[in-house]
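Chain letters run A, B, ... following the sequence lines, proteins first, then strands; residues in each count from 1. In this text the structure is predicted, and so the values were computed from the model without any measurement. Computed from heavy atoms alone, side chains included, the values below leave out hydrogens, waters and symmetry copies.
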Amino acid sequence: MLYPGEWSGKNMGTNLRKLVTPTEIDIASLRHKTLAVDAHNQIYQFLSVIRQPDGEYLRTSDGKVTSHLLGLLPRTANLLNRGIKLAYVFDGLPPQLKEQTIRSRSDRKSDAAEKLAQAKEAGATAEMKKYAARTARLTPEIIDSSKRFLEAIGVPVIQAPSEADAQTALMVQKGGCYAAASTDYDTLLHGSPRLVRRLSKSQRATSGPELLVLEDILDTLGISHDELIAIAIMMGTDYHPRGIRGIGPRRGLKLVKQNDIPKAFDRAGCDFDWQAIMGLYQDMETEEDYSVLWEPPNNEAIRVMLVDEYEFSEDTVEKRIDELEDAYEQFG
DNA sequence: CGGGCCAA
DNA sequence: TTGGCCCGG
């Protein structure tokens, strides 16, 4: 079964790491700001990591997956409690050009599922965990229950017509949100002025959240936004994963600085339709009519969903409801 | 992942 | 207080 937009932890998005310079920030500096969270990105992480020792998801007695909700509940309650407003942006239909990436991710998941089965037979615990994480899939049930949960706690849910990264970029550009929150860099290619990464590890001293400012990145590199997109396309994106052979950040940067964009692609030996890909970053379909308004938590809806339907312990749920109420009263 | 518990 | 470990459904 192939799911639209199939997610993968590895080989996802564009690897701009070697081109960007992050700034460590204090989580307190995000207070009263709204972050546009890449929902699929975050849910995928929960599905990868929140597992039983045998690699299986956590589920209700009748088999509904709960791993994602088990991740979302403390996560959202915690961030809201710190005065950080959230808006979750969900992917819509992926562009045609993403087909190849989606198929290869799906194939890799099937491979991982086989290896997981083998590891289970061999009783290799560490292997089980490793391969199980790679089999994570955002099924329609997982997406729907995530949206329903977020709506119950009062967090805005925005449905992107196509890629969430493009929608997110629009929301940051228009000023409704301060930054995008994601582990990958693609929203910068779609033109988001700011990106926050590693929000999750915010409580640890080791690696706090980092902020990337598009304008600063472009200034530092001495290039335009289109030129950054061009380099990314050369290095490989979801819309053409291989990119151009032999082109990494170093050569890509040199090429766009010494040539205009068409010539840079020509010199690099590009043999695919780079302009179509560039068009996806410059002009993807987005929804202009959205709200990022934080609403009060609907406690009864939260209880019904989490306790009755998803078999969460009453204590856990009541504790988080208290946090959510506090958060809304303080910062909403 | 994030929380809670406990040992050092 | 800090950190390692287990648990959550």
Side-chain angles (χ1 to χ4, degrees), chain A residues 7-10 12 26-28 30 35 37-84 86 88 90 112 116 120 123-126 128-139 141-150 152-153 155 181-184 196-210 297 301-327:
Chain A
W7 260 84
S8 160
K10 238 203 147 210
M12 92 198 154
D26 189 330
I27 188 127
L30 298 172
L35 299 182
V37 182
D38 183 344
H40 289 230
N41 176 280
Q42 185 165 112
I43 293 164
Y44 181 86
Q45 268 155 350
F46 292 141
L47 290 176
S48 301
V49 169
I50 304 176
R51 302 255 178 177
Q52 291 181 279
D54 68 351
E56 251 304 314
Y57 290 127
L58 283 86
R59 296 175 188 271
T60 58
S61 52
D62 62 346
K64 293 195 292 285
V65 175
T66 56
S67 292
H68 57 306
L69 300 173
L70 221 31
L72 281 170
L73 177 64
R75 178 40 128 44
T76 48
N78 197 303
L79 290 174
L80 294 170
N81 234 353
R82 291 159 179 264
I84 301 171
L86 303 170
Y88 275 72
F90 285 78
L116 171 60
K120 266 188 186 174
T125 322
M128 289 195 298
K129 227 186 164 225
K130 183 169 97 180
Y131 292 120
R134 295 187 195 169
T135 64
R137 287 191 142 136
L138 283 89
T139 64
E141 294 73 31
I142 288 170
I143 306 275
D144 289 349
S145 52
S146 298
K147 288 178 179 171
R148 213 147 54 79
F149 165 75
L150 292 166
I153 65 171
V155 165
S182 177
T183 60
D184 68 54
V196 172
R197 300 183 68 241
R198 299 200 216 157
L199 199 51
S200 55
K201 291 178 179 162
S202 47
Q203 286 150 112
R204 296 187 188 167
T206 35
S207 56
E210 61 183 38
I302 298 169
R303 285 186 195 108
V304 168
M305 178 171 184
L306 295 186
V307 179
D308 300 345
E309 198 181 332
Y310 282 91
E311 300 172 358
F312 277 51
S313 93
E314 233 167 288
D315 278 2
T316 304
V317 173
E318 292 306 324
K319 211 169 287 176
R320 298 299 163 219
I321 284 177
D322 288 347
E323 273 184 73
L324 290 166
E325 289 220 292
D326 278 359

**OP:** Report the relative orientation of the aromatic rings in Trp7(A) and Tyr44(A); use parallel for angles under 30°, tilted for 30 to 60°, perpendicular for over 60°.
**Re:** tilted
Original post:
Among dG4(B), dG8(C), dG9(C), which is the nearest nucleotide to the side chain of Arg320(A)?
Top reply: dG4(B)
Original post:
Whole-Å distance between dG2(B) P and Arg51(A) CZ?
Top reply: 17 Å
**OP:** Nearest whole angstrom, please: distance from the C1' of dG2(B) to the CD of Glu323(A).
**Re:** 11 Å
Original post:
When you check the phosphate oxygens OP1 and OP2 of dG4(B), does a side-chain N or O of Lys319(A) lie under 4.0 Å from one of them?
Top reply: yes
Subject >> By side chain to side chain contact (heavy atoms under 4.5 Å, CB included) - contacts of Ala132(A) (at least two apart) >> reply: Arg51(A), Leu116(A)
Original post:
To the nearest angstrom, how far is Leu47(A) atom CG from dG8(C) atom P?
Top reply: 19 Å
**OP:** Identify, residue by residue, the members of residues 308-316 of chain A with a heavy atom below 4.0 Å from DNA chain C, and return them in order of residue number, or none.
**Re:** Tyr310(A), Glu311(A), Phe312(A), Ser313(A)
**OP:** Mind checking Gln45(A) for me? I need base, sugar-phosphate or nothing, with any heavy atom below 4.0 Å counting as a touch.
**Re:** nothing
Original post:
Taking only residues two or more places apart in sequence, or in another chain, which ones meet Asp62(A) in a salt bridge (charged side-chain N to carboxylate O under 4.0 Å, His left out)?
Top reply: Lys64(A)
Original post:
Are any of Asn78(A)'s side-chain N or O atoms less than 4.0 Å away from OP1 or OP2 of dG3(B)?
Top reply: yes
Subject >> Atom pair distance, as rounded to whole Å: CG in Asp54(A) and C1' in dG9(C) >> reply: 13 Å
Original post:
Could you state the CD-P distance from Gln42(A) to dC1(B), rounded to the nearest angstrom?
Top reply: 11 Å
Subject >> Partners meeting salt bridge (charged side-chain N to carboxylate O under 4.0 Å, His left out) with Glu311(A) (sequence neighbours left out) >> reply: none
**OP:** Kindly write out the residues that satisfy salt bridge (charged side-chain N to carboxylate O under 4.0 Å, His left out) with Glu325(A), not counting sequence neighbours, or none if the list is empty.
**Re:** none
Measure all distances between protein nitrogen or oxygen atoms and nitrogen or oxygen atoms of nucleotides 2-4 of chain C, and list the pairs falling under 3.5 Å.
none

**OP:** Name all residues meeting the ring pair (Phe, Tyr, Trp, His ring centres under 6.0 Å) criterion together with Phe312(A); count only those two or more places apart in sequence or in a different chain, and write none if there are none.
**Re:** none
Original post:
Is the distance from OP1 or OP2 of dG2(B) to the nearest side-chain N or O of Arg75(A) less than 4.0 Å?
Top reply: yes
Subject >> With sequence neighbours excluded, residues passing salt bridge (charged side-chain N to carboxylate O under 4.0 Å, His left out) with Glu323(A) >> reply: Arg320(A)
Original post:
How would you list, by chain and number, every residue that makes a side chain to side chain donor-acceptor pair (under 3.5 Å) with Gln45(A), sequence neighbours excluded?
Top reply: none
Original post:
Quick one: does Ser67(A)'s side chain have a donor or acceptor within less than 3.5 Å of a partner on Ile50(A)'s backbone?
Top reply: yes
